[in-house]
Amino acid sequence: MLTGKKILVGVSGGIAAYKAADLVSRLRKMHTEVHVVMTKSATEFIAPLTLRSLSANPVYVDMFEEPKLWNVEHIALAEKADVVVVAPATANLLAKMAMGLADDFLSTVLLATRAPIFVAPAMNHAMYHHPATQRNLKLLQERGIHLIGPDSGFQACGSEGDGRMSQPEEILQTLVRFFVGSSQLKGKKALVTAGGTQEPLDPVRFLGNRSSGRMGYAVAQALQEAGAETVLVSAPTDLPTPEGVTRVSVHTALEMCDEVLSRFSEMDVVVKAAAVADYRPAVQAEQKIKKDGSNRTIELVPNPDILAELGRKKTSQVLIGFAAETENLLANAQEKMLRKNVNLLVANDVTQQGAGFGSPTNIVSFLFPDGRKIDFPQMSKLEVARHLVTEIAHLLGVETKE
Ligand code: PMT
């Protein structure tokens, strides 16, 4: 699917640089022409010889070493690439890209190229969440640079969190989707809900839940990648909006209900991954509630069940629900599937390690009203989302091309 493509792989100096060898090897196996540019620091982590051998091409590091070809090499490489992939992209390199600096071979190529650029960030979680890095990533995305990952999990520094470089297979899949494109759901309109609603008690406090929004954001990304025009109705999260997706921000279940219901009739698919509060405080205090040492009781009133309402209203739409369970997973999920009249229900036992709220991965089962059930092992939420898109395509009667 990538045969003949000229791919320029940029490698910057982080421990994940060793994964670049796997990426280059996989790209070559897909019959691409691979050229590698490394930063000086990257050569401390992996030898240029390794990447030269795997790419079967010279590796570029130094602007001023004896040229390997007659032409101005950084410009020639920048111009001939069909795509540039920087993996790993360190916080430092991302900052240089955001600033437009060009003080070595790789940063110069990145400034000179007009080819699409993909970056796979890799860094310690504190560096990843630093406002400067987040601002740089946002800026790069606004300029049309594609972000791959990062993943979460164990980090070389010994801590756990966001910032691990995406696996080479994931990077490859992203490139394949970019070049081959997916028109699977082209012409279809999709709406996804994500995150946990916040039900205000007073101007500074709310009742909420532990949803990070990751699952819903992954579903929105996968639907968009499959060609669907995708709207994401999102409760508050820290996540960047997936490229090409239209985000509508809400806080409460009532706001989410309004946004979803007003769009429902024009949708082909609705996926309700949000954790919606079943109840809200009966009264929202106008001023901050003062403590007086006495016990307090909060009266709660029920929120609308948005999914059940969609289930009642649906005509031709494919309706997907999620069930977050802590006990009797299958029995409870099956009951929800029938009661809310959905075409597919994604059940997750949120007490399992590696599943549910906040986790970068999930462990799910897809349940169908005809009694079918598909169990999936632990996988990234994006992978779950891509499996879901395959099922959505079947439910819409769209031919899938694997
Ligand atoms: O956001 P993450 O940190 O990635 O976590 C993912 C997740 C655990 C939130 C997600 O995988 C998930 O399970 N989402 C559904 C959470 C939930 O509210 O489940 P529920 O079993 O309470 O609700 C069942 C379904 O009805 C859901 O599709 C929910 O969106 C919907 N619902 C529930 C209540 C309500 N008032 N209105 C609704 O539409």
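Numbering of residues begins at 1 and proceeds along the displayed sequence. Start at 1 and go down the list; that is how both ligands and their atoms are numbered.
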* Asked: Checking Ser12 side chain against Leu93 main chain: does a donor-acceptor pair fall under 3.5 Å?
  -> no
* Asked: Do side-chain atoms of Ser53 reach the backbone of Leu49 as a donor and acceptor pair under 3.5 angstrom?
  -> yes
Would you mind writing out a table of all protein N or O atoms found under 3.5 Å from any N or O atom of ligand 1, naming both atoms and giving the distance to 0.1 Å?
from, atom 1, to, atom 2, distance (Å)
ligand 1, 1 (O), Ser211, OG, 2.6
ligand 1, 1 (O), Ser212, N, 3.2
ligand 1, 1 (O), Gly213, N, 2.8
ligand 1, 3 (O), Ser212, N, 2.7
ligand 1, 3 (O), Ser212, OG, 2.6
ligand 1, 3 (O), Gly358, N, 2.6
ligand 1, 4 (O), Ser212, OG, 3.4
ligand 1, 4 (O), Arg214, N, 3.3
ligand 1, 4 (O), Met215, N, 2.8
ligand 1, 4 (O), Lys381, NZ, 2.7
ligand 1, 11 (O), Asn348, OD1, 2.6
ligand 1, 13 (O), Asn348, OD1, 3.4
ligand 1, 13 (O), Asn348, ND2, 3.0
ligand 1, 14 (N), Ala273, O, 2.9
ligand 1, 19 (O), Ala324, N, 3.4
ligand 1, 21 (O), Ala324, N, 3.2
ligand 1, 21 (O), Lys336, NZ, 2.4
ligand 1, 26 (O), Lys340, NZ, 2.9
ligand 1, 28 (O), Lys272, O, 2.7
ligand 1, 28 (O), Phe322, N, 3.0
ligand 1, 28 (O), Phe322, O, 3.2
ligand 1, 30 (O), Lys272, O, 3.4
ligand 1, 30 (O), Lys272, NZ, 3.3
ligand 1, 30 (O), Ala274, O, 2.7
ligand 1, 36 (N), Pro304, O, 3.0
ligand 1, 37 (N), Ile306, N, 3.1
ligand 1, 39 (O), Lys272, NZ, 2.9
ligand 1, 39 (O), Ile306, N, 3.4
ligand 1, 39 (O), Leu307, N, 2.9

* Using a strict 4.0 Å threshold on nitrogen-to-oxygen distance, state whether Asp162 and Arg214 make a salt bridge. => yes
* Asked: Would you say Glu229 has more than 12 foreign heavy atoms packed within less than 6.0 Å of its CD?
  -> no
* Asked: Salt bridge check: are Asp305 and Lys340 linked by an N-O gap of less than 4.0 Å?
  -> yes
* Asked: Does a salt bridge link Arg386 with Glu170, judged by any charged N lying under 4.0 Å from a carboxylate O?
  -> yes
